[in-house]
Amino acid sequence: AAIGVSVSQVISKLIQLGIMASQNQELDFENAELIGMEFDKEIVLKSEDEESMEDIFDLDYEDKEEDMIPRPPVVTVMGHVDHGKTSLLDSIRNTHVTKKEAGGITQHIGAYTVRVNDNKIVFLDTPGHEAFTAMRSRGAQVTDLAILVVAADDGVMPQTIEAINHAKAADVPIIVAINKMDKEGANVDRIKQELSDNGLVPDDWGGDAICVPVSARTGQGIDELLEMVATVAEMEELKANPNRAAVGTVIEAQLDKGRGPTATVLVQKGTLRSGDMVVSGVSSGRIRAMFDDRGKKIKKAGPSIPVLILGLSDVPEAGEFIYVTKDEKTARSYAEKAKNLIKADMVKSSSNIKLDDLFNQISDGTIKDLNIIIKTDVRGTIDAVKQSFEKLSNEEVKVNIIHGAVGGITDSDVNLAAASNAVIIGFNVRPSQSAIDLANYENIDIRTYRVIYDAIEDIKNAIKGMLAPKY
Ligand code: GDP
């Protein structure tokens, strides 16, 4: 069905061509080509080894516009430590889970659904941009919208800026929750000023950043915040086709003593059903039971709905895709393929940007943007570097500084680089050991310099394909 023609059409065509075939038989390339010609489609031969998981599962399978229906937004809460991310998530959960649905205990499965008027909103339960970007670096983009929490008595802090840049790099709209409004010293205007200074201009100041004053403690403003989320989500026109084999992402997973491997899955396309055969990375199995965020056993879940599933062979990884397959054999063989892919580490290492190879990547059209993360020892360097770097843009390649901050190079920087295909450049700062390890694993280019001039020369030369190799 990958060429948009039904199996029975193919079989009858084959019979016309004098080839006897049954449904599960593999076509050799010559016959496949013939069939392709018959249906006016070009068949491209792919070697098994080159196949990525995405190809196998036909992730790009285009859903027809008329099959797409609106789906709830998936929201991540981000912001500086202690600004109230967890409190806000708790407050929303406690006040907006309708009484009759609640039935007592809420289950922490990693995400939950709330109802606002007629709309559903799904919240991911792990706050912070670290989890968000770590998932993204594995290819999973589940978040549609970010709530940025800024404490009204504290203001914009380093992790606030990080969160802004991580959300922007992912092209996810941001709604600002100015939290702790119940506290003395809460000052909305000061926060708006600091947000403006960091590229988020409030809408009542002529920009497009929506800011809602709230208090996670008293509940003030929470309804308005949720209504804003629903409004912004509506403008995004989020849609999915519920009538296809389900594809989702594992949000979290663990080994439960009694129940074996469990995973929380956020369905992204299609409908996941109890009894479906699924595969996620090296883990596969038949869904034995499925629960919602209230702990209620359910039979099916459509797009954007988080569910806890039982029945997997192994604990899958958070951020992995999960797919429904037609039978057990297929699921197993895909899981086997995944094991081999991981061994070859093909999925990761091939596509990342490298200054050494930049010119080739530009020439063959693989990249059109050189995304850079800058870490420096002093604040003033960031703007100076940003301007000099961005001036190096030419017709072939655009140089973008996607994040700049003071401090050493951290795991979070490497994850952002992996998620956004960026290189990391440090001035008078070093990467932590764990950032070095992660960068090696993710195949991320980290370069450190003492003077701006040297870095500019390197990037200039890299763009021209004349960079001396790094030793
Ligand atoms: P996180 O690190 O961003 O998840 O922040 P927490 O949710 O853990 O909150 C940090 C501290 O701020 C806790 O002591 C909370 O009780 C407190 N806090 C959070 N929201 C509010 C609020 O709206 N008002 C007041 N007064 N305190 C709050």
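First listed ligand is number 1; within each ligand, the first listed atom is number 1. Position 1 is the first residue of the sequence; numbering continues from there.
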With F132 via ring-ring contact (aromatic ring centres under 6.0 Å, His included) - residues at least two apart: none
Sorted by first residue and then second, give each salt bridge (charged side-chain N to carboxylate O under 4.0 Å, His left out) pair with at least one member in residues 146-173; sequence neighbours left out. D153-K183
D458, N428, T376 screened by side chain to side chain donor-acceptor pair (under 3.5 Å) with Y449, the one that passes: D458
Applying salt bridge (Lys or Arg N to Asp or Glu O under 4.0 Å), can you list everything that pairs with K386, at least two apart in sequence or on another chain? E390
Q193 and D189 side chains, donor-acceptor separation under 3.5 Å: no
Check the angle between the aromatic planes of H166 and H403 and answer parallel, tilted or perpendicular using the 30° and 60° thresholds. perpendicular
Any idea which residues sit under 4.0 Å from ligand 1, heavy-atom distances? H80, V81, D82, H83, G84, K85, T86, S87, N179, K180, D182, K183, S215, A216, R217
